[in-house]
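Residue numbers start from 1 in every chain, and the chains themselves are labelled A, B, ... in the order their sequence lines are given, proteins ahead of strands.
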Amino acid sequence: MEEEKASMSWTDERIERLRQLWGQGMSASEIAEVLGNVTRNAVIGKAHRLGLSGRPSPIKKKPTRGATILSLNERMCKWPVGDPKHADFHFCGCPSLPGMPYCREHAQMAYQPAKKRDDERKLVMA
DNA sequence: CCCTGATTCGC
DNA sequence: GCGAATCAGG
């Protein structure tokens, strides 16, 4: 059994896990969760220091609009952008999540209104 | 409102 | 080198 030390440092094993999970497309928060005792900030910070990052959202920037229905793949985000009757209509084309026809941002958009199911207690929100 | 990563800045 | 805080965007 691996014990958690009070002083957690980035060992080769954890860095290895970080690289793998990050390369697999896991978000910083997910990696932080699976690693344990680390926040998403720590994961991002270490990832950046390692020379990683850049894989997921480099703050969203897709000047490429070659993504048409003919070039759509299963792993491409199928989110319609613009007017379907316009010539500049295109799809997001961002890497979609497993089992999800949309990428993170668009999946969140689609899931936002389709959530909430609390029996009691529901404050917060101002 | 939620989320994401990028960067900065103090330790 | 480390990570929280902050920043920037969807």
Checklist entry - Do the side-chain N or O atoms of A:S29 get closer than 4.0 angstrom to the phosphate oxygens (OP1, OP2) of B:dT4? => result yes

Item to check | Spacing of A:L18 atom CG relative to C:dG1 atom C1', expressed in whole Å | outcome: 14 Å

Checklist entry - Taking CD1 from A:I31 and P from C:dG3, how many angstroms apart are they, rounded to a whole number? => result 14 Å

Checklist entry - Between A:V38 and A:A32, which heavy-atom pair has the shortest distance, and what is it? => result O-CB, 3.3 Å

Checklist entry - Atom CG of A:L35 and atom P of C:dG3: how far apart are they, to the nearest Å? => result 11 Å

Checklist entry - Which parts of residues 39-48 of chain A get close to DNA chain C, meaning a heavy atom less than 4.0 angstrom away? => result A:T39, A:N41, A:A42, A:K46

Checklist entry - Applying the side-chain contact (heavy atoms from CB on, under 4.5 Å) test to A:K46, which of A:I44, A:V43, A:L50 qualifies? => result A:L50

Item to check | Atom pair distance, as rounded to whole Å: CD in A:E30 and C1' in B:dT4 | outcome: 11 Å

Next on the checklist: Just N and O in the side chain of A:W79: are any of them under 4.0 Å from OP1 or OP2 of C:dG10?
Outcome noted: no

Checklist entry - What is the minimum heavy-atom distance between A:C77 and A:C103, and which atoms define it? => result SG-N, 3.2 Å

Item to check | Euclidean distance, atom CZ of residue A:R49 to atom C1' of B:dC9 [Å, nearest integer] | outcome: 12 Å

Next on the checklist: Going by the rule ring pair (Phe, Tyr, Trp, His ring centres under 6.0 Å), which residues pair with A:W10 if we only count those two or more places apart in sequence or in a different chain?
Outcome noted: none

Next on the checklist: From CG of A:L21 over to C1' of B:dG5, roughly how many Å is that when rounded to an integer?
Outcome noted: 16 Å

Checklist entry - Measuring from A:L35:CG to A:M26:CE, what's the distance to the nearest 0.5 Å? => result 9.0 Å

Item to check | A:I15 CD1 to C:dG1 C1', straight-line distance once rounded to whole Å | outcome: 10 Å

Item to check | Heavy-atom closest pair, residues A:K78 and A:Y102 | outcome: O-CE2, 3.0 Å

